[in-house]
Amino acid sequence: MQIILMHSRFTQAKSVTLSSRHVIFGLFSFLLITTLCAAVMAALTLRLASADLPVLRDLVPVATTQVSDKDKYMKENLAAMATKLGEMQAQLIRLDALGERVQGLAGVKPEEFNFKELPGRGGPEVTSQPAKELNMEEFQAALDAMSRDVEHRSDYMNVVETKLMGFKVQSKLLPTIQPVNVAYNASGFGWRLDPFSGRSAFHEGIDFSSPTGTPIVAAAGGVVVAAEYHPQFGNMVEIDHGGEIMTRYAHSSKVYVKLGDIVKRGQHIADIGSTGRSTGAHLHFEVHVKGVPQNPHKFLSAGANQANLAALNQK
């Protein structure tokens, strides 16, 4: 290859002859210089990246920055969801314990409602609607909604537990257990012929006949408001059970409690006798609600039904 060079300074044209070796050497030199420049630029970019200079942010492609921001966003969301999941697990543990307490108060058998076992679920697969995948925002929203739902259920269960506990305490304050272990009563509640006068008179309680010294127990828990001798009732005990409910135990031979004592349900409080206006050894038992005498059989029958139901649940 021959190249002719012409210039105003030259007195005559000059020619340069290039062989194929010259051309190949020139191309090789150009490629080598280009490669070296690229290597220098890459090294400079890495050094600037390690120094976190603002200049690099202008040189780095936008796509790389977007990928980095997305990874950072994913990591932050995963950390937040892991924290939320731990809180929900703690709430579920508390909810399980609360459910077991409520279950016990309600008298439900453990095998009928086990909080530690997942309930059975199922159903046909719906192919008419395509499956929808949750994105990160939707998953976070669903997790937050479930956390609030668990918290609300825990509040509801606390209210139910408080109500059941109140009912249980109240039931223990109702005179529902028989004060003496006797199969039948000698005289019922209501109108009858008075054993002394022979005239019709209203009997405000029921009488249980039994030998002198037979134990008398409190029909429910409460506070002793009277433990004294009465001309009509003889040795008498009165117990206030709260809720304006009072029971009276009359004609006792001996009394074991005093005014102001707190007695438990079924506690031995006196012995049967025949003191006061009495024809023989027996217990005269009364129940008053708001000062009005009530038929004790209503309360004793309710207690017998509860005992039978509890026995059936234990089988």
Side-chain angles (χ1 to χ4, degrees), residues 163 166-210 214-252 255-309:
K163 289 290 185 181
F167 292 151
K168 189 170 184 179
V169 171
Q170 187 177 9
S171 68
K172 289 186 177 296
L173 297 177
L174 292 177
T176 54
I177 66 170
Q178 193 163 299
V180 288
N181 188 17
V182 177
Y184 68 97
N185 58 285
S187 183
F189 177 84
W191 291 95
R192 67 169 186 175
L193 293 176
D194 186 272
F196 288 93
S197 65
R199 291 177 296 185
S200 180
F202 192 84
H203 191 224
E204 296 185 346
I206 56 178
D207 294 339
F208 295 96
S209 294
S210 189
T214 302
I216 301 172
V217 300
V223 179
V224 176
V225 293
E228 59 192 16
Y229 184 84
H230 188 278
Q232 300 289 326
F233 296 115
N235 292 325
M236 176 191 69
V237 175
E238 291 181 353
I239 300 176
D240 185 356
H241 304 285
E244 298 185 81
I245 299 175
M246 184 271 290
T247 53
R248 177 179 290 147
Y249 312 79
H251 308 305
S252 303
V255 174
Y256 298 101
V257 293
K258 62 183 183 299
L259 180 65
D261 283 354
I262 298 175
V263 297
K264 297 181 181 179
R265 182 185 184 90
Q267 180 177 332
H268 185 191
I269 59 172
D271 290 336
I272 281 183
S274 183
T275 57
R277 193 170 184 266
S278 170
T279 61
H282 73 286
L283 165 67
H284 175 78
F285 176 62
E286 295 181 8
V287 177
H288 291 249
V289 177
K290 295 183 179 180
V292 179
Q294 305 290 324
N295 189 348
H297 273 303
K298 294 188 299 184
F299 296 91
L300 300 181
S301 298
N305 292 334
Q306 289 179 354
N308 294 334
L309 184 59

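Below, all heavy atoms of this structure are taken into account, side chains as well, without hydrogens, waters or symmetry copies.
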Study note, to complete from the structure: Sorted by chain and residue number, the salt bridge (charged side-chain N to carboxylate O under 4.0 Å, His left out) partners of E204 (sequence neighbours excluded) come out as none

Exercise for review: Taking the side chain as every heavy atom from C-beta outward, state whether Q294 and I245 have any atom pair closer than 4.5 Å.
Suggested key: no

Practice item. With rounding to the nearest 0.5 Å, note down the distance linking NE2 in H297 to CD1 in I206. Key: 4.5 Å

Point to revise | Heavy-atom pair of closest approach, residues S252 and A270 | key: OG-CB, 3.6 Å

Review point. Restricting to pairs with a member in residues 233-245, which pass salt bridge (charged side-chain N to carboxylate O under 4.0 Å, His left out), not counting sequence neighbours?
Key: E238-R248

Study note, to complete from the structure: For D271 and P215 the tightest heavy-atom approach is OD1-CA, 3.7 Å

Could you pull out all donor-acceptor pairs under 3.5 Å where a side-chain atom in residues 193-200 meets a protein atom, sequence neighbours excluded?
{"residue": "D194", "atom": "OD1", "partner": "F196", "partner atom": "N", "Å": "2.8"}
{"residue": "D194", "atom": "OD1", "partner": "S197", "partner atom": "N", "Å": "2.8"}
{"residue": "D194", "atom": "OD1", "partner": "S197", "partner atom": "OG", "Å": "3.3"}
{"residue": "D194", "atom": "OD1", "partner": "R277", "partner atom": "NH2", "Å": "2.9"}
{"residue": "D194", "atom": "OD2", "partner": "R277", "partner atom": "NH1", "Å": "3.2"}
{"residue": "D194", "atom": "OD2", "partner": "R277", "partner atom": "NH2", "Å": "3.4"}
{"residue": "S197", "atom": "OG", "partner": "R199", "partner atom": "N", "Å": "3.3"}

With a cut-off of 3.5 Å and sequence neighbours excluded, list every side-chain donor-acceptor pair involving residues 216-232.
{"residue": "H230", "atom": "ND1", "partner": "Q232", "partner atom": "N", "Å": "3.0"}
{"residue": "H230", "atom": "ND1", "partner": "F233", "partner atom": "N", "Å": "3.3"}

Study note, to complete from the structure: For P293 and F189 the tightest heavy-atom approach is O-CZ, 3.9 Å

**Study point:** side chain to side chain contact (heavy atoms under 4.5 Å, CB included) evaluation trace for I269 with I239
**Key:** CA-CA 10 Å; I269 59 172; I239 300 176; 4.0 Å; yes

Review point. Can you check whether H282 reaches S209 side chain to side chain, under 4.5 Å on heavy atoms?
Key: yes

Revision key, fill the gap. Salt bridge (charged side-chain N to carboxylate O under 4.0 Å, His left out) pairs touching residues 183-192, sequence neighbours excluded, are R192-D207

Exercise for review: Report yes if the side chains of L283 and V182 come closer than 4.5 Å at any heavy-atom pair, otherwise no.
Suggested key: no

Point to revise | Side chain proximity check, V237 to V263, heavy atoms < 4.5 angstrom | key: no

Review point. Do any N or O atoms from the side chain of H251 and from the backbone of G276 form a donor-acceptor pair under 3.5 angstrom?
Key: no

Check your understanding: Who passes side chain to side chain donor-acceptor pair (under 3.5 Å) against T247, sequence neighbours left out?
Key -> H241, Y249

Exercise for review: Determine the minimum heavy-atom distance between T275 and G234, stating which atoms define it.
Suggested key: OG1-CA, 3.5 Å

**Study point:** Heavy-atom pair with the smallest gap, counting every atom of I272 and F208
**Key:** CD1-O, 4.1 Å

Review point. If you measure from CG on N295 to OG on S301, what distance do you get to the nearest 0.5 Å?
Key: 8.0 Å

**Study point:** Full working for ring-ring contact (aromatic ring centres under 6.0 Å, His included) between H268 and Y256
**Key:** CA-CA 8 Å; H268 185 191; Y256 298 101; 4.7 Å; yes

